[in-house]
Amino acid sequence: MDKQYNPHEIEGRIYKKWLDGKYFHAEIDKDKAPFTISIAPPNITSRLHIGHAFENTLSDIIIRFKRMQGYAAMWLPGTDHASIATEVKIVEAMADEGITKEGIGREAFLKRGWEWYNTYGSAIVEQLQRMGFSCDWDRLRFTMDDGLNRAVNEFFIRLYEKGYIYRGEKLCNWCSTCETTISDAEVMHNEQETLLYHIKYPIKELPGEFIQFATTRPETILADTAVAVNPDDPRFAALIGMYVTVPFVNREIPIIADDYVSMEFGTGVVKITPGHDHNDFEVGTRHNLPQINILNDDGTLNQICGVYEGKTVKAARELVLSDLETSGLFVKAEKIQNSIGTHDRCKDIVEPRLKTQWFVAMKKLAEPALDAYKTGKLRIIPERFGKVYSHWLEGIHDWCISRQLWWGHRIPAWFCACGEISVARDLTAENAKCAKCGSTNLKQEEDVLDTWFSSALWPFSTLGWPDKTPELEYFYPTQTMNMGRDILFFWGVRMMFSAIEMTGELPFKDLIFHGLVRDKDGNKMSKSAGNGIDPLEMLEQYGTDALRLALITGNAPGEDFRFRDEKITSCRNFTNKLWNAARFLQSKASTATDNTDSTDLTDTDKWLISSCNNLIKDVTKLLEEYDLGLAAAKVFDFIWDEFCDWGIEMAKPRFAENNNAAAVLTSVFLDLLRLLHPFMPFITEEIFGYLQNSEKTIMLSNWPVYKAENSHADAEREIINLKDTVTAIRSARAEKNVPPSRKVGLYIVGDNDGVRGLYERNSGWLASMAGASDVVVTGNKSGVPDNSLSLIVPGAVVYIPISDLVDTEQEITRLEKEKARLAGEVARCESKLANKGFTDKARPELVAAEQTKLTEYKDMLSKVAEELAGYVN
RNA sequence: GGGAGCAUAGCUCAGUUGGGAGAGCGCCAGCUCGACAAGCUGGAUGUCGUUGGUUCAAGUCCAACUGUUCCCACCA
């Protein structure tokens, strides 16, 4: 083994070994319980970023843990076609070549989509493999492969047949850059400072009089079909029912009364534009107002707008304002804070407008999804996201699922000239026939489905649904789902209701949300900001295991966290530490006996076995609760602080003798490797190979279980005392500047047999750890050299004969300080025990512990006092 | 307008049913002590945002406040 851990050569070789051994592949096995995770399929828009690395590291930890526990653990991988996101990318790429979508036509465009998939889909798979993820690659799926296409059609048709899917003209969110509708969830609202323009319309019945209102979008006056006031507003009561004239289009529109209008805001008058505003649409519906659309698909104004036709919204706004000013109808402009809707993909302003689209009626579908959470069948982790989940479902709106795009699942609906729409299984251009008029000249809907329509089926469509496959039977429902908290509405909710409706079961039992990875300054990572971190770069520099560990330790579930280089460096250092511990053990392998169960275990052996045993219990529990960051930190700390700093160091003096020190260390270390394996798969696998030769792979070895018979609480307590003793001696040596090369003698005076036995049994390593030439354990002070440095340690007093270095005055000061500290402790313990509230109400073991401490402190205090008296005299 | 998170050492953050404040990095001092200088040993640094409340006991539970981040919502 090399002196430094070098991940590069190792990782590729190990991953190949796993693949070749088919270790990732889970067969249907009736003797095992299934444990399934579906990947959150990455979009094929680009290569993976650090957020993907993080999310999938979580899944990999869970699936590796469960696999070792003996489940038929299956992690199903795949990618998502990401309809609009990918289409935007392809269009951009084509623009660089000077071609357009329309220019090349649908078929050629789709060909480019598949090329895109071939490039990025495989790049993503490669990246996932570099991260060491143990996905069942034989089951790799894509949201647009044949099976999933069939599932999508089936889903659409079943919803349509049940009347959940309908087609209608409604106010939709329109992105004129992408020229498509988008769902409410895709609209981002940003507070911005905008201008609120005050405008007045002449009142027809009262020549020379005007009614004044305010708007942030003056160009939409061209689509106004009323102005509204509050019915209780005395200022305008007389005007209700009169008419005003919209300038430029000379449309006469009524003044109506509606509760929606707030008397306080603006002028107390609102222009009503049902064709371009969600609120106005509802007001318009209540008052039977006409709905006028003034926009073309590309965002310019249409023929209704007269002289403004062909102008962009922005240009039209300027023009309308200046024309209003000219006509004397413009009053003033004021600055206000207003929220503007933008498209989450292209960041352009979204305009509400009328469009005929396909919708899913959500109200009834949402109910069982809500129920699943409220009855506790669905577990949401962390819990607080449950509130967000149910709140959204309670106020859910219908889902606009049609998109005016090409890359995606084309809607399986066929139009006939007679007006009939056919939606049925297996309709193709060849066999389509109108059910009403018998015409065979049907045209398929041009639109494709929202990308989340297919994602919603992911946990079961990937297992063969709608067919009743054995895989679906066995692996479904899945167990846990890891997802970013930012896609709860897009995906989490939609999988839930789709699965319940289609399969009658929840798609997963535990829904786990993780936070976002931010840069070192706390900003969101994004391509445009240029602060994104490429996981491949990180793992090339530090190794995959270090990256994985850095992503999860010290992060609380569901919280965002910053990614900093220092953290990954310390994790890289840890891999080296682990590597060298293994190197050391390997060098001692020849001295190892097979005997780790025998009764001649020393205190240190018992301590190590027992504390590792406790670690197993803690880590297993944390992993079962999905508290991965804490679990990783526990293993990390134990290996470094306990196993290496104490376990190995305490064993060193024992190697010369014929004993089982090496065997115990190795046996414990193998368990530690198993605990660490889900987090750091490569290095643990490599070391596992060096340290034993009975098992082929750590991946499929058994997860360690807590063994009651390995609990040695007494030994643990004793070693804790010894560790304190060593620390005290080292600290004293440092304080006195005694170089490590200078050996000293230790005279330990303990006044009871148990304590003397403890120090006698462990005098070998105690001497070694403390840098002593010899250790003398006695029952009294006779034989201890004069002017030795004395230390109070648990249960005893240690004298170090370094008299030539001891400054008597310093020593007196130190003892006085120690005396004061101990006196304080005694007082604190006494007052605590004198408190009836504590003794009566606190847990009994706490009270007992406090009493023990009091005795110990009193004991130590009297020894300090005695020492001090010696110096003073 | 509604809701949620966060506030702990110089920095980044942990802190699991309430029971004597922790890690990593940084800083100071010293170390080639049987693997590891990507290491070892020792050390300094905290009114746990503020104010109240519950409790024998609060970083932890409750309330209010301040700062900050985010989500939802149709306010022209």
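Each chain gets a letter, A, B and so on, in the order its sequence line appears, and its residues count up from 1.
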Integer angstrom distance from the [atom1] of [N] to that of [M]:
| N | M | atom1 | answer |
| --- | --- | --- | --- |
| B:U69 | B:C33 | C1' | 50 Å |
| B:G22 | B:C48 | C1' | 12 Å |
| B:A44 | B:C28 | C1' | 7 Å |
| B:G10 | B:U50 | C1' | 23 Å |
| B:G67 | B:C27 | P | 36 Å |
| B:A14 | B:A73 | C1' | 35 Å |
| B:C13 | B:G26 | C1' | 14 Å |
| B:U16 | B:G59 | P | 13 Å |

Report task. Encode nucleotides 11-23 of chain B as B, S and - characters from 5' to 3', where the letter depends on protein heavy atoms closer than 4.0 Å: B to the base, S only to sugar-phosphate, - to neither. Result -> -BSS-B--BB---
Report summary line: Going 5' to 3' through nucleotides 34-41 of chain B and flagging B where a protein heavy-atom sits under 4.0 Å of the base, S where only the sugar-phosphate is that close, and - otherwise, we get BBBSBSSS
What nitrogen or oxygen pairs link the protein and nucleotides 44-49 of chain B at under 3.5 Å?
none

**Report entry** Set of residues satisfying salt bridge (Lys or Arg N to Asp or Glu O under 4.0 Å) with respect to A:Lys332, sequence neighbours excluded
**Finding:** none
Rounding to an integer number of Å, can you tell me how far [X] [atom1] sits from [N] [atom2]?
| X | N | atom1 | atom2 | value |
| --- | --- | --- | --- | --- |
| A:Asp259 | B:C74 | CG | C1' | 15 Å |
| A:Leu393 | B:C72 | CG | P | 14 Å |
| A:His391 | B:G1 | NE2 | P | 16 Å |
| A:Asp258 | B:C75 | CG | C1' | 13 Å |

Query - Counterpart residues, side chain to side chain donor-acceptor pair (under 3.5 Å), relative to A:Glu649 (two or more places apart) - result: A:Lys652
**Report entry** With A:Tyr5, the side chain to side chain contact (heavy atoms under 4.5 Å, CB included) member among A:Asn573, A:Ile10, A:Leu578
**Finding:** A:Ile10
Report summary line: Per nearest nucleotide of RNA chain B, the residue lying toward the 5' end, A:Asn835 or A:Tyr260, is A:Asn835
Would you be so kind as to tabulate the donor-acceptor pairs closer than 3.5 Å made by side chains of residues 388-399 of chain A, with sequence neighbours excluded?
from	atom 1	to	atom 2	distance (Å)
A:Tyr389	OH	A:Ala369	O	2.9
A:Ser390	OG	A:Gly386	O	2.9
A:Ser390	OG	A:Lys387	O	3.4
A:Glu394	OE2	A:Lys374	NZ	2.8
A:Asp398	OD1	A:Met362	N	3.1
A:Asp398	OD2	A:Tyr166	OH	2.6
A:Trp399	NE1	A:Asp450	OD2	2.9

Requested in this report: State the dot-bracket string of RNA chain B. Criteria: Watson-Crick or G-U wobble, both atom distances under 3.5 angstrom; notation: ( ) intrastrand, [ ] crossing earlier pairs, | interstrand, . unpaired.
Outcome: (((((((..((((.....[..)))).(((((.......))))).....(((((..]....))))))))))))....
Report task. Find out whether A:Ile336 and A:Glu193 are in side-chain contact, i.e. whether some heavy atom of one side chain is under 4.5 Å from a heavy atom of the other. Result -> no
Considering only distance and modelled atom types, tabulate donor-acceptor pairs under 3.5 Å from the side chains of residues 829-838 of chain A, sequence neighbours left out.
from	atom 1	to	atom 2	distance (Å)
A:Ser831	OG	A:Arg828	O	3.1
A:Asn835	OD1	A:Gly837	N	2.8
A:Asn835	OD1	A:Phe838	N	3.4

Query raised in the report: When you measure from the centre of the six-membered ring of A:Phe563, is the NZ or CZ of A:Lys520 under 6.0 Å away and within 45° of the axis?
Result: no
Query raised in the report: Listed by chain and number, what are the side chain to side chain contact (heavy atoms under 4.5 Å, CB included) partners of A:His189, not counting sequence neighbours?
Result: A:Val187, A:Ser339
Report summary line: For A:Lys577, the side chain to side chain contact (heavy atoms under 4.5 Å, CB included) test, sequence neighbours excluded, returns A:Trp640, A:Cys644, A:Asp645
N/O donor-acceptor pairs under 3.5 Å from side chains in residues 840-851 of chain A, not counting sequence neighbours:
from	atom 1	to	atom 2	distance (Å)
A:Arg843	NE	A:Glu845	OE2	3.0

Query - Side-chain donor-acceptor contact under 3.5 Å, A:Lys271 with A:Thr220 - result: yes
Query raised in the report: Looking at the rings of A:Phe669 and A:Phe643, which for Trp means the six-membered one, are their centres under 6.0 Å apart?
Result: yes
Query raised in the report: What residues form a ring-ring contact (aromatic ring centres under 6.0 Å, His included) with A:Phe54, not counting sequence neighbours?
Result: A:His514, A:Phe561
